[in-house]
Amino acid sequence: MSQQTTIRKLAELVNTPVEKLLEQLSEAGMSFSGPDQVVTSMEKVKLLGFLKRSHGKSDAAVDEAAPKKITLNRRKVQEVTVAAGRSKTTVNVEVRQKRTYVKPTDAESVATNWQSEADPERAEILRKLEESRQRNLDEQQRLAQEDAKRAEELERRRQEEAAARAEAEAARAQADAEAAALAAGAVAVDGDESVRPAKPATQGHHVPKTVVRKDPPRTDDRNNAAAAKHKTRGSHAMVAGVEDDDNTSRFAGQLHLSAADRARRGASRGKPKPPRRHEQSRGGGGAHGFERPTAPIVREVAIGETITVADLAQKLALKGGDVVKALFRMGVMATITQTIDHDTAALITEELGHKAVRADANDVENELLAHSEEQQGDKVARPPVVTIMGHVDHGKTSLLDYIRRTKIASGEAGGITQHIGAYHVETPKGVISFLDTPGHAAFTAMRARGAKLTDIVVLVVAADDGVMPQTREAIQHAKAAKVPLIVAVNKIDKSDADPLRVKNELLAEEVVAEEFGGDTQMVEISAKTGQGVDNLLDAISIQAELLELKAVEDGRASGVVIESSLDKGRGPVATVLVQQGTLKKGDYLVCGIQYGRVRALFDETGSQPPSAGPSIPVQVLGLSGVPEAGDDFVVVADERLAKDVAQQRDAKRRESRLVQSAGSRMEDIMAQLGKGEGQLSLNLIVKADVQGSVEALRHSLVALSNESIRINIISSGVGGITESDANSAVTSKATVIGFNVRADASARRIIEANGVDLRYFSIIYDVIDQVKQVASGLLGVEIREEIIGIAEVRDVFRSSKFGAVAGCMVVEGTVKRNKPIRVLRASTVVFEGELESLRRFKENVDEVRNGTECGIGVKAYNDVQPGDQIECFERIEVQRTL
Ligand code: GDP
């Protein structure tokens with residue numbers, strides 16, 4: 001409300017050239033040096049007064065033309081009553097009148113109170129106004145339809161009109177002022193938007209035609225005088241209330257909308273005239289009578305993929321209700337807050353006589369790009385980023401664990417390394433960063449997102465097992481990504497290790513060891529004993545040197561999200577790998593569709609480094625939401641840009657998801673229809689605990705599609721399985737996969753009631769393996785986990801003898817002491833292990849049934865909390881089905 005309006009802004013608001021406005025201001029006796037000067041409320045009032053004084057007549061003309069005489073008569077009466085107390089000026093008459101009814105605090109309330117008075121006579125007037133407005137509206141809509149049909153002709157007329165306007169340049173100046181005065185006065189009189197359409201001016205380009213088809217203008221002097229007086233009074237009523245920009249923009253809207261009228265009148269009158277009311281009324285009326293319909297204002301409206309009806313209405317300078325009506329006529333039912341797609345919006349825009357253009361959705365992105373490009377500097381050597389790949393059980397995790405355990409300098413947090421998705425180690429030959437998510441799934445997921453993170457792939461091959469399918473896969477991935485390989489021939493501590501055989505087998509895959517004349521370094525290691533691991537790190541450093549990896553170290557950081565999750569206590573947590581620049585606490589950043597200010601940085605030792613440079617992974621707190629693994633992040637100078645970019649990306653992403661999901665549903669239907677044989681499809685819904693796993697699963701599972709079966713991921717996401725997941729599983733006949741997450745009670749009900757196939761996993765490979773086997777038609781026996789009991793933790797007692805004992809209530813099935821368990825918090829697995837103790841009162845028992853209280857001690861886990869669930873499960877053999 002208290003924002004200051006500059007002349008430029010005011011000009012924009014009233015759709016008048018800045019120069020013209022300046023001119024008018026100076027004519028009104030106010031001198032401004034430039035368009036950026038602030039116009040005060042008083043000055044606006046003065047300008048209005050000036051415009052009003054000099055152009056009362058045109059108002060009368062329009063009032064004559066429009067069916068608003070009722071208003072005038074009514075007001076006249078009022079005026080007479082009140083004017084008796086005032087000798088000359090009518091300025092404050094209405095204000096005083098109003099004051100007798102209400103206690104106006106500002107213009108808004110004055111206007112509203114005027115409206116809301118329980119005066120039957122007024123109500124009648126309003127009703128008639130509304131009726132006439134409706135008539136106008138209908139007429140205009142009808143005309144709009146005709147317009148559409150005659151688009152070509154309109155175009156021609158527009159051109160003619162443009163020529164006419166050019167000729168009548170001088171006249172237009174005058175008309176502008178009139179229009180402004182008219183609009184200002186009109187608002188003041190009507191006092192509220194609800195009656196605004198009674199003024200032809202608000203009807204945009206349809207006005208001219210409407211006016212042309214109206215009854216001939218009246219020249220009754222009495223009426224004119226009344227109208228003129230009324231206008232004056234009205235204007236001052238408004239003036240009295242003009243205290244802030246809100247009101248200003250209201251009258252500004254009117255000015256703006258009157259532009260067509262303004263142009264028309266300017267053209268028709270031909271020359272500026274001092275505003276003598278009676279003359280003007282005649283002159284104006286005459287011109288109306290003979291004038292051809294003139295060109296409407298054609299607004300160019302930028303529409304993105306979607307737009308809300310309200311936004312569109314605003315862009316078209318129409319009321320939301322009018323757009324809703326127009327949509328309705330086109331057979332589209334939409335409320336004002338509803339979002340319509342680009343095509344519908346474009347259609348309606350054209351229908352209303354305006355021009356739709358596609359919004360450039362990349363505006364903010366370009367700004368971001370420019371912003372980042374500012375950031376240039378000297379490149380310096382940076383550490384390599386390494387991903388470890390290889391066949392299952394060949395020792396990827398063991399190798400990562402070994403390096404992490406032995407090479408990371410323990411931080412302040414008690415020397416315990418944290419799993420943050422990546423870590424970096426310092427070797428005598430330099431720093432090396434490892435992505436701590438082994439396997440090709442994570443790698444391909446990242447690559448699929450377009451993130452080039454990895455500089456070197458370490459391919460782990462067990463010396464006792466040799467080249468296996470996933471070894472080949474990993475080689476292909478590395479080759480496709482053009483990332484150099486280093487082979488770690490693992491498990492050489494084992495008696496049946498045969499490194500030479502491994503190297504020979506790799507030859508067949510065109511991975512040739514240096515000793516065979518190739519260029520691939522192969523290092524024999526044992527992830528168990530640590531033998532050869534230093535050599536492996538050396539090999540990585542040598543490879544890195546060859547690659548001459550460089551990055552800008554100074555300035556704003558950018559990079560990629562490696563892993564993300566929602567932490568109950570800390571909020572959204574993302575591990576990012578800095579690729580350029582230096583990330584610092586307090587930086588503003590955009591991260592995919594999220595943004596925020598870095599509240600804290602954590603490294604893999606749990607300590608808080610002040611900053612992180614290129615190739616260094618670091619955990620970031622302070623984002624607005626959980627970004628996706630593979631999302632890029634950029635540090636920006638201010639929060640506004642961060643927010644704008646994030647929000648626009650969010651909107652875009654949602655749009656494209658909508659499109660995608662609509663497409664895939666369609667595909668599913670097509671797939672299910674008409675194909676008794678041929679390709680079958682397996683629909684999956686994937687939910688997981690962290691975004692990285694979701695991405696990894698998505699990509700790996702989709703990649704399993706073959707010519708006989710197609711894997712569709714209906715939906716995927718982070719978090720427990722919800723009712724809506726369950727419902728969508730029912731409709732799409734999908735199998736639900738919960739990776740370290742569980743279905744909540746309402747989801748379970750739906751799943752059980754509809755026989756939805758729900759499977760829980762905690763190892764990515766198991767998911768892939770199972771789906772793969774199903775997909776390859778390898779039916780048979782499979783080991784499945786079945787939950788046999790769930791206990792809810794009500795309270796936790798700590799005893800020196802037993803450690804933490806959870807006081808629980810078994811809420812489902814039976815909890816058995818000798819079966820494996822998992823601890824779930826907010827539907828997410830936080831621990832997997834065994835029971836230490838299961839007690840009823842003070843007795844150890846083997847099982848506790850549903851509805852019974854018990855005490856549970858979890859082996860090797862002391863962090864059970866009230867509200868957790870302890871889930872007891874068993875592994876059973878079941879026949880595979882599709
Ligand atoms: P991943 O599936 O590739 O991550 O393999 P893991 O790291 O989980 O290892 C699979 C199994 O191999 C585990 O039981 C490890 O203890 C074992 N293992 C890994 N590396 C070595 C090694 O160098 N020597 C021996 N003897 N066993 C190993």
Side-chain angles (χ1 to χ4, degrees), residues 386-408 417 419-423 425 434-446 454 456-478 485-503 505-506 509 511 521-540 562-563 688 690 692-693 696-697 700 739-740 761-773 783 820 829 832-833 860:
V386 178
T387 298
I388 295 189
M389 298 171 90
H391 194 72
V392 66
D393 279 350
H394 279 198
K396 301 178 290 290
T397 316
S398 305
L399 176 59
L400 277 163
D401 286 349
Y402 181 86
I403 299 171
R404 185 174 33 199
R405 213 172 52 239
T406 56
K407 304 291 171 186
I408 294 180
T417 57
H419 176 89
I420 65 165
Y423 62 77
V425 296
F434 287 92
L435 296 189
D436 204 358
T437 329
H440 65 261
F443 182 82
T444 38
M446 286 283 177
T454 306
I456 297 165
V457 165
V458 167
L459 177 64
V460 176
V461 191
D464 60 343
D465 203 19
V467 172
M468 298 303 282
Q470 284 180 299
T471 316
R472 293 191 192 95
E473 240 173 55
I475 294 169
Q476 280 157 17
H477 285 312
L485 267 182
I486 294 174
V487 176
V489 182
N490 192 29
K491 304 197 187 183
I492 52 158
D493 60 295
K494 288 183 109 174
S495 54
D496 53 352
D498 187 355
L500 198 63
R501 185 189 122 205
V502 172
K503 291 174 193 175
E505 283 175 358
L506 284 169
E509 307 301 321
V511 177
Q521 300 186 72
M522 297 203 185
V523 187
E524 293 173 18
I525 62 157
S526 165
K528 192 173 178 185
T529 66
Q531 185 190 344
V533 171
D534 283 335
N535 297 342
L536 176 65
L537 297 179
D538 282 352
I540 294 171
I562 300 168
E563 203 173 276
V690 290
S693 307
L697 283 167
S700 322
F739 186 77
N740 279 338
F761 297 90
S762 48
I763 299 168
I764 289 192
Y765 182 77
D766 284 351
V767 186
I768 297 169
D769 186 45
Q770 235 185 68
V771 174
K772 196 177 199 167
Q773 295 199 38
I783 306 291
V829 176
E832 179 172 334

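Whatever order the structure lists ligands and atoms in, that order sets their numbers, starting from 1.
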Practice prompt. Using the side-chain contact (heavy atoms from CB on, under 4.5 Å) rule, take L697 and I764 through it: C-alpha gap first, then chi angles, then the decisive distance, then the call.
Written response: CA-CA 7 Å; L697 283 167; I764 289 192; 4.1 Å; yes

Practice prompt. Check step by step if side-chain contact (heavy atoms from CB on, under 4.5 Å) holds for D538 and V523.
Written response: CA-CA 10 Å; D538 282 352; V523 187; over 6 Å; no

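Close N/O approach between L399 and ligand 1 is not found [any backbone or side-chain N/O within under 3.5 Å]. At least one N/O-N/O distance between G395 and ligand 1 falls below 3.5 Å.
When each atom of ligand 1 is checked for a heavy atom of K494 under 4.0 Å away, the hits are 26 (N). Near V392, with a cut-off below 4.0 Å to any heavy atom, the atoms of ligand 1 are 2 (O). Within ligand 1, the atoms closer than 4.0 Å to a non-hydrogen atom of D493 are 22 (C), 23 (O), 24 (N), 25 (C), 26 (N), numbered from 1 in the order shown. Counting the atoms of ligand 1 from 1 in the order shown, those under 4.0 Å from a heavy atom of D393 are 1 (P), 2 (O), 3 (O), 5 (O), 10 (C), 12 (O).
Of the listed residues (S495, S398, A497), the one carrying the non-hydrogen atom nearest atom 6 (P) of ligand 1 is S398. For the residues K491, K528, H391, the heavy atom positioned nearest atom 11 (C) of ligand 1 is part of K491.
Under the 3.5 Å distance criterion, the side-chain polar atoms of H394 are left unmatched by any main-chain donor or acceptor of V461.
Taking the six-membered ring wherever Trp is involved, the centroid distance between the rings of F761 and F739 does not fall below 6.0 Å.
The CG atom of L537 sits 8.0 Å away from atom OG1 of T406, with the distance rounded to the nearest 0.5 Å.
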